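Small disclaimer: the values here were computed from a predicted structure and weren't measured. Per chain, numbering begins at 1; letters A, B, ... match sequence-line order.
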There are 4 protein chains.
Amino acid sequence: MNQHRNGPVRSAAAREAVLAATTRLFHEQGYDKLTIEGIAREAGVGKQTIYRWWSSRGAVIADCLAEGRLFPVEFEVPDSGQLLPDIEHWLSTVLAVLDARNGGELVRSLVAAAAEDPAVGTSLSERLGVERSLAARLERAVHDGQLPANAPIDQIGESILGAIIVRALSRQSDSGEPLRRLVRFLFAPSGPARR
Amino acid sequence: MNQHRNGPVRSAAAREAVLAATTRLFHEQGYDKLTIEGIAREAGVGKQTIYRWWSSRGAVIADCLAEGRLFPVEFEVPDSGQLLPDIEHWLSTVLAVLDARNGGELVRSLVAAAAEDPAVGTSLSERLGVERSLAARLERAVHDGQLPANAPIDQIGESILGAIIVRALSRQSDSGEPLRRLVRFLFAPSGPARR
Amino acid sequence: MNQHRNGPVRSAAAREAVLAATTRLFHEQGYDKLTIEGIAREAGVGKQTIYRWWSSRGAVIADCLAEGRLFPVEFEVPDSGQLLPDIEHWLSTVLAVLDARNGGELVRSLVAAAAEDPAVGTSLSERLGVERSLAARLERAVHDGQLPANAPIDQIGESILGAIIVRALSRQSDSGEPLRRLVRFLFAPSGPARR
Amino acid sequence: MNQHRNGPVRSAAAREAVLAATTRLFHEQGYDKLTIEGIAREAGVGKQTIYRWWSSRGAVIADCLAEGRLFPVEFEVPDSGQLLPDIEHWLSTVLAVLDARNGGELVRSLVAAAAEDPAVGTSLSERLGVERSLAARLERAVHDGQLPANAPIDQIGESILGAIIVRALSRQSDSGEPLRRLVRFLFAPSGPARR
DNA sequence: GAATAAGCGAGACGGTACGTCTAGTCTTATT
DNA sequence: AATAAGACTAGACGTACCGTCTCGCTTATTC
């Protein structure tokens with residue numbers, strides 16, 4: 001980080017170093033032990049450089065999220081024509097990634113960050129594909145007739161994401177089966193007669 | 001806290017002062033500006049007294065929650081026999097309370113606290129009546145046949161709570177109508193799953 | 001000449017702006033709050049322009065001193081033939097100028113600058129006319145026989161200047177009468193040493 | 001410094017460590033490179049402890065001075081009955097001490113400190129014995145008739161101290177002979193006829 | 001009249017220190 | 001033995017400057 005500097009335009013090297021260091025520290029220690037000083041130290045960057053370009057700790061995390069540095073993959077909901085299997089596939093992917101990297105801790109950190117900084121919440125939701133991919137898939141399901149015309153698409157997505165969050169907050173480590181039961185309840189192909 | 005205390009047993013006055021001060025500061029400034037020093041100052045109490053009886057900032061909040069100092073009322077789900085109206089009534093009560101006291105900020109603070117401290121999450125969920133009252137009501141709905149026998153009761157509660165949280169985290173201030181649409185979808189006479 | 005260079009030469013406007021800004025800030029805030037960044041800002045000049053032409057903060061002050069920007073007048077010791085009145089006249093002028101512009105603070109600032117940068121000390125002494133004018137006058141007094149042949153001219157000047165400095169450092173604001181008593185003692189017709 | 005702490009009364013150990021560290025750093029690096037953080041680091045003390053008990057960098061130095069940590073000895077003016085030899089003896093002692101420990105740098109540092117903080121000036125003057133011992137000796141000389149009755153005692157002392165300072169500020173390293181000439185001029189036992 | 005090269009305002013950069021705040025531990029005197 | 005008070009080390013906060021650097025522009029000199 002002390003090689004080529006570019007002068008009075010923003011240094012791409014510094015930006016990269018900050019985001020890389022933040023990603024590393026975030027995974028190692030979690031959000032509440034993440035400090036601006038720590039990032040600067042780890043990145044070999046002056047504190048002012050961070051304060052110059054990011055408004056808060058959360059803003060840095062939001063950038064990391066937006067660039068896919070915290071999750072390695074895109075979460076796409078496939079479209080096989082059948083709603084429930086598609087959603088289950090997406091959910092499995094999400095849970096696999098979360099569990100692989102000490103998911104509870106990761107989600108809690110992200111939630112803490114989101115509670116502090118709006119941008120993180122937005123980025124997180126986008127990154128998990130809730131809006132872009134999940135909502136789009138549900139939209140198509142409405143067109144297919146697999147969901148009723150008045151189904152509250154966004155809220156369904158939020159409720160699934162919310163259930164993931166609540167599960168993380170309550171420190172349950174149950175391999176995700178309950179969440180699968182939830183989506184099965186929501187999207188059962190042949191809804192059991194209920195009344 | 002400048003009263004006369006009587007020696008070597010735990011001071012009820014100190015406990016009361018701490019919880020009262022915490023409640024006040026939490027409402028005024030939110031969780032992330034809540035500090036042990038601030039509580040001690042406000043309560044007129046030595047820091048050590050707090051450290052002696054509570055393990056962390058979150059533990060104090062959890063105590064406040066458990067004693068109903070953060071929410072003034074109990075959230076009970078009524079049982080009129082009809083599931084959907086009962087749930088909607090409960091949801092309206094919850095939203096009314098949240099909106100009344102700058103709810104978004106309050107929920108975000110609670111979520112931040114829960115992300116840091118497990119006890120807070122548990123207390124919060126209990127306090128909102130999700131487990132005790134909501135889950136019990138859903139249980140009865142299963143017996144009634146208003147919900148299918150295999151309905152994932154706990155997860156349904158968590159998904160509603162989660163939706164409230166996600167809504168708060170994304171700073172939407174939409175008067176709760178979307179959440180009402182969600183519960184209508186979940187508990188509509190025909191059920192969310194349909195074919 | 002083997003060294004012909006092209007391009008613009010030193011900008012007189014920039015030099016002028018720097019010295020003017022420095023003078024202004026020095027008088028307003030004193031030496032220890034004088035910063036290169038502050039000067040550059042005030043002068044509307046790039047920092048590099050200052051670093052290119054001056055080696056240090058002190059060097060800029062020394063330039064200001066040398067150009068008479070910090071003291072408005074020359075301090076000349078008159079030569080009426082009578083030593084003591086001449087010196088008293090010079091001293092009165094110096095004290096008048098110092099007292100007029102919050103002299104204690106000014107002297108302290110100059111002393112601080114001199115302690116940091118040798119050039120300032122030299123400039124200061126020159127500017128006050130200690131060497132040029134006071135020492136010359138004393139020299140003439142030796143020739144006149146008003147001072148003994150072996151009188152340590154330079155040291156006498158330094159001791160007067162030093163007394164002014166000590167007085168400023170100890171924050172006495174005594175209208176200069178004590179200093180007048182000192183020079184009367186030094187240059188009384190009978191001399192300081194007497195038996 | 002992490003051994004015995006004394007509780008909510010001022011820690012003598014911390015005070016000692018701070019003053020010792022300050023003395024060390026002051027001699028090694030001079031006043032302008034002396035920082036609160038540096039002192040805290042060297043002393044193994046929290047910064048707040050310094051800010052709690054001293055109002056500024058200068059105040060710490062003043063304490064060091066007052067306790068004789070910067071100069072190892074007391075500077076006493078002897079009283080043999082003969083003024084000039086007594087003063088010369090005192091001056092030799094002072095100069096010896098100053099030269100022994102890179103005196104110019106030391107005096108400049110002290111002057112810079114005094115320019116910033118009044119207490120340092122006072123302490124310095126006291127420490128060198130200017131007031132206590134030198135002025136007292138001159139007083140006695142007045143009684144003896146070795147100095148005229150109206151001799152400005154304090155100013156004479158200040159002028160000698162001032163000459164030492166000016167000499168240090170102008171970076172002359174002349175072994176002190178000029179200063180000896182000055183005091184000889186001031187206190188010559190048999191003042192040469194001058195006019 | 002182009003090409004060249006220095007000076008210029010601007011300001012980003014890695015750093016260091018500032019003075020403040022809180023964490024969590026420990027000691028004192030009091031009750 | 002618990003308390004209110006508060007000193008202690010440690011370290012992060014966000015700000016201010018340091019001295020170096022690079023950028024794009026302007027300007028004078030040389031080819």
Nearest whole Å is fine: how far is [N] [atom2] from [X] [atom1]?
X        : N      : atom1 : atom2 : value
A:Gln48  : F:dG14 : CD    : C1'   : 8 Å
C:Ile50  : E:dG7  : CD1   : C1'   : 14 Å
C:Ile39  : F:dG19 : CD1   : P     : 11 Å
B:Gln29  : E:dC21 : CD    : P     : 13 Å
D:Arg10  : E:dT28 : CZ    : C1'   : 17 Å
D:Glu116 : E:dC18 : CD    : C1'   : 13 Å
B:Ile36  : F:dA4  : CD1   : C1'   : 16 Å
C:Trp54  : F:dC18 : CH2   : C1'   : 18 Å

So [X], base contact, sugar-phosphate only, or nothing? Heavy-atom distance under 4.0 Å.
X       : result
B:Thr35 : sugar-phosphate
C:Arg15 : nothing
C:Gly44 : sugar-phosphate

Short side-chain N/O contact from [X] to OP1 or OP2 of [N], under 4.0 Å:
X       : N      : result
B:Thr49 : F:dA2  : no
B:Arg41 : E:dT22 : yes
D:Trp53 : F:dA7  : no

Please round to the nearest 0.5 Å and tell me the distance separating atom [atom1] of [X] and atom [atom2] of [Y].
X        : Y        : atom1 : atom2 : result
D:Glu105 : D:Arg171 : CD    : CZ    : 7.0 Å
A:Leu70  : A:Leu124 : CG    : CG    : 9.0 Å
A:Ile50  : A:Gln48  : CD1   : CD    : 10.0 Å
D:Ile165 : D:Leu110 : CD1   : CG    : 9.0 Å
C:His27  : C:Leu106 : NE2   : CG    : 5.0 Å

Out of [options], which has the shortest distance to the side chain of [X]?
X       : options               : answer
C:Tyr51 : F:dT9, F:dG19, F:dG14 : F:dG19
D:Ala14 : E:dG14, E:dG9, F:dC8  : F:dC8
C:Glu37 : F:dA7, F:dT9, F:dC17  : F:dC17

Among all residues two or more places apart in sequence or in another chain, which pass the salt bridge (charged side-chain N to carboxylate O under 4.0 Å, His left out) test with C:Glu42?
->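 Listed in chain order: C:Arg24.
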The answer to which of A:Ala40 and C:Ala43 contacts DNA chain E further toward the 5' end, by nearest nucleotide, is C:Ala43
Return a table of donor-acceptor pairs under 3.5 angstrom between the side chains of residues 53-61 of chain C and protein atoms on other chains or two or more places apart.
| from | atom 1 | to | atom 2 | distance (Å) |
| --- | --- | --- | --- | --- |
| C:Trp54 | NE1 | C:Asp63 | OD2 | 3.1 |
| C:Ser56 | OG | C:Gly58 | N | 3.3 |
| C:Ser56 | OG | C:Ala59 | N | 3.2 |
| C:Ser56 | OG | C:Asp117 | OD2 | 2.7 |
| C:Arg57 | NH1 | C:Tyr31 | O | 2.9 |
| C:Arg57 | NH1 | C:Leu34 | O | 3.0 |
| C:Arg57 | NH2 | C:Glu116 | OE1 | 3.0 |
| C:Arg57 | NH2 | C:Glu116 | OE2 | 3.1 |

DNA chain F: D:Gly46 or C:Lys33, which has the more 5' nearest nucleotide?
->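 This one resolves to D:Gly46.
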Between A:Gly38 and B:Arg52, which is nearer to the 5' end of DNA chain F once each is assigned its nearest nucleotide?
-> B:Arg52
Is the base of E:dG9 touched by the side chain of C:Lys47 through a donor-acceptor pair closer than 3.5 angstrom?
-> no
Are the side chains of B:Val111 and B:Arg108 in touch, meaning some heavy atoms are under 4.5 Å apart?
->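 SC-SC contact between B:Val111 and B:Arg108 ruled out.
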Which of residues 55-65 of chain D have a heavy atom under 4.0 Å from DNA chain F?
->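 Contacting residues: none.
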